[in-house]
Amino acid sequence: MTGESWCIVGGGMLGLSLAHKLAGPGRTVTVLEASPRLGGLADAWRLGPVAWDRFYHVTLLSDRHLRGLLADIGLEDQLRWKTTKTDFYSGGTFHPLNNAIDFLRFKPLGLVSKARLAATIIYGSLLKDGVSLEKIPVETWLTRLSGRRTYEVIWRPLLRAKLGDNSKLVSASFIWSVINRFYAARRAGMKTEMFGYVRGGYGRIVERLTASLRERGVACAAGAPVSAIRRHGDGFAVETQTGVQRFDRVVVTVPGALAARICPELTGEEKNALTGLRYQGVVCTSVLLKRGLRGRYLTYVADETIPFTGVIEMTAVVDAEELGGHALVYLPRYVPAEDPLFEQPDEAIEANAITMLLRMYPDLKRDDIVATRVARARHVMAVQRLNYSRSVPPMDTSLPGLSIVNSSQIINANLNVDETIAFATRAASHLVGQPGREAEPALDPGPTSGPARAAPGPVVDASAAA
Ligand SMILES: Cc1cc2nc3c(=O)[nH]c(=O)nc-3n(C[C@H](O)[C@H](O)[C@H](O)COP(=O)(O)OP(=O)(O)OC[C@H]3O[C@@H](n4cnc5c(N)ncnc54)[C@H](O)[C@@H]3O)c2cc1C
C-alpha cells in the first residue's frame, strides 16, 4: 500500500460514493460492508424468477449528482424515462391526481380547500430554505396554511405514507423539502418531471460502480461487518470477523446508534448525540404479478385499515421486459425503527398485504400472484425533529482521523440517492481539507418531455414518497 490508507465503513450508496470521490493518488481506500452484498438500501435481490431492487427506486430528470455519477461509470445512456400517473385511494375509491383538471375534480376536497392547498404548495416552493421552518411542527404549519380539512384529507395521509407515526414529530422543513424536490425540475428549466431507471436496475448501478472502484484500486469487501474501531498508533485498528486491519483514516457511514456501538472510544457526549437520533424504518412487501394493476407509479393509500401506506407499481416506470413480462408492485409501510412490525414473521406480513391488495383491486386474482417477499430496514432516515440541525452529530470526532459521515447529516433535504451523492461530494472535500463545494455537474434536460403541468396540483412527487 502506498500513501494514506483510508477505511470506509458501510458499502451503501454513501460509502461507495465517498470511495468514488476519495480514491486517487496519495490515498488507498478500502470499503467494508456488513451484509453479503454491496449497495445497502439500494441493493438488488431475487423475487421469484426475477432480480430487481429490494426497495423501489426511481431517478428524476433533475437528479444531477446521480446522473453525473452514472456518466462517470458509463451508465448514463442506460437511463430510460417515463411520465407517470398518481392516484389517491380513499373511501374505497381511486382518485387520479395528475393535473389541474384531476385536481379540480377531486371530490374529497371543496373549492376553498383546494385553493388553500395550491397556495400552500406555491408558498412552500417560493421559500429559499427550510431552516426557518425547523421550529414549527409540520402539522401546525400545514393546518395554518391549508386548513384542517385539507390537512386531514391530503397532508396527513401523505405524511403518514412517508413517516408513519414519526410524522407527529417532524418539523415543517420536511414538507418544504418534499415540495422543493417536486419543483426542482421546473427550476432547472424543464417542462415537467419524469421518472427514470437504469436498465438492469440499481443492482447494475452498484455492480458497475464497484467494478469502477476496483479498477481504480479500491478494495470493496462485502460480508465484512466491522465490530470495533480503536486508536492504534497514529491510526486506527478496525476489527472484523476475519481479523484486524490498520488504517490511517476511518470514515463511518452507518446509522447513528450502530456508529456509536462500533466506536467505543468516542466521548459519552458524542455517543449520546449518535444514539439520540431517532430513525424511520420501512417494512415493504414486494409482489410479482402476471398482470399490472392500474398503471400508476404511485397510489397514496389514505385508509388506515390498510396495512401499507402506498402502492408502488414499478412497471409503470420500468419496462415489463426487464422483469420477464411480469408486473412488480411494492407495498411499503413506514414505521419507527423500534416498531413491533419488524418482529412479525414474513408470512403474516405478506398475508395481510395480499388480502388488502385483492380488496383494493377486485379484478386481481390470487392466481395472478407469482411471488412475494418482505424487505425490512430499520434505519432508513433520521427523523428531522424540531430544531433538528442544532443536534446533528458533526463529521469530525474527538479522535482525529475518525469521522462519522452518515445520512443523518443531510439536513432539510429529501432523502434520496441524488442527495446522498451530493453529500458525499461535500463530505469528501471536508475530509481531505478542501473547503468549498465541487462544481455542480451540468444537467442534460433529458428526453423532450410532455406538456407543462398547468397549475400545481397536490404534491404528487412519487419519488419523494419513495
Ligand atoms: C423504500 C425505499 C425507497 C427509496 N426510493 C428511492 C428512490 O426512489 N429514489 C432515490 O433516489 N432514493 C430512494 N431511496 C433512498 C436511497 O435508497 C437511500 O438514500 C440511499 O441508498 C442511502 O444510502 P446510505 O449509504 O446512506 O445508507 P445505507 O444504504 O443504509 O448504507 C449503510 C450501509 O452500512 C452497512 N453497515 C451497517 N453496519 C455496519 C458495520 N458494522 N460494518 C460494515 N457495514 C455496516 C449496512 O449494511 C449498509 O449497507 C429509497 C429508500 C427506501 C428504503
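We count ligands from 1, going down the list as the structure has it; atoms in each ligand are counted the same way.
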What side-chain donor-acceptor pairs closer than 3.5 Å can you find for residues 314-324, not counting sequence neighbours?
residue: Thr315; atom: OG1; partner: Leu328; partner atom: N; Å: 3.0
residue: Glu322; atom: OE1; partner: Gly200; partner atom: N; Å: 3.1
residue: Glu322; atom: OE2; partner: Arg199; partner atom: NE; Å: 3.0

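- Taking every non-hydrogen atom of Leu32 and a distance limit under 4.0 Å, the qualifying atoms of ligand 1 come out as 43 (C), 44 (N).
- Considering backbone and side-chain atoms together, His379 places no N or O closer than 3.5 Å to any N or O of ligand 1.
- Each of the following atoms of ligand 1 lies closer than 4.0 Å to a heavy atom of Thr420: 19 (O).
- For ligand 1, the polar-atom distance check against Leu14 finds a nitrogen or oxygen pair separated by under 3.5 Å.
- Shown in contact with Val9 at under 4.0 Å from a heavy atom are these atoms of ligand 1, numbered in order with element: 42 (N), 43 (C).
- With salt bridges taken as basic N to acidic carboxylate O contacts below 4.0 Å, none links Glu4 and Arg27.
- In terms of N/O distances under 3.5 Å, ligand 1 is not approached by Val254.
- Residue-to-ligand polar distances keep Leu258 apart from ligand 1: every N/O pair is separated by 3.5 Å or more.
- Looking only at distances, a side-chain donor or acceptor of Asn406 sits under 3.5 Å from a matching main-chain atom of Val254.
- Short contacts between ligand 1 and Gly12, defined as distances under 4.0 Å to a heavy atom of the residue, involve ligand atoms 25 (O), 29 (O), 31 (O), 33 (C), 49 (O).
- Between Glu33 and ligand 1, at least one N/O pair is under 3.5 Å apart.
- Between Leu41 and ligand 1, an N or O atom pair is found at a separation short of 3.5 Å.
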When the side chains of residues 335-343 are checked against the rest of the protein, which donor-acceptor pairs come out under 3.5 Å, sequence neighbours left out?
residue: Asp339; atom: OD1; partner: Leu341; partner atom: N; Å: 2.9
residue: Glu343; atom: OE2; partner: Arg378; partner atom: NH2; Å: 2.7

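- Close contacts between ligand 1 and His57 involve ligand atoms 4 (C), 5 (N), 6 (C), 7 (C), 8 (O), 9 (N), 10 (C), 12 (N), 13 (C), 14 (N), 15 (C), 16 (C), 17 (O), 50 (C) [criterion: under 4.0 Å to a heavy atom].
- In this structure, Arg294 forms no cation-pi arrangement with Tyr361, as its terminal cationic atom is not both closer than 6.0 Å to the ring centre and no more than 45° off the ring axis.
- Backbone and side-chain nitrogen or oxygen atoms of Val58 are examined, and one is located within less than 3.5 angstrom of a nitrogen or oxygen of ligand 1.
- Each of the atoms 10 (C), 11 (O), 12 (N), 19 (O) of ligand 1 lies under 4.0 Å from some heavy atom of Asn416.
- Under a 4.0 Å criterion applied to the non-hydrogen atoms of Val380, ligand 1 contributes the atoms 53 (C).
- Where the criterion is an N or O separation shorter than 3.5 Å, residue side chain and backbone included, Val282 fails it with respect to ligand 1.
- In this structure, the side chain of Asp303 does not engage the main chain of Ser90 through any donor-acceptor pair within 3.5 Å.
- Using a 4.0 Å cut-off between heavy atoms, Tyr56 contacts ligand 1 through both its backbone and its side chain.
- Nearest to atom 41 (N) of ligand 1 by heavy atom, out of Val226, Leu18, Leu60, Asp418, is Val226.
- Of the N or O atoms in Met13, one or more lie within a sub-3.5 Å distance of an N or O in ligand 1.
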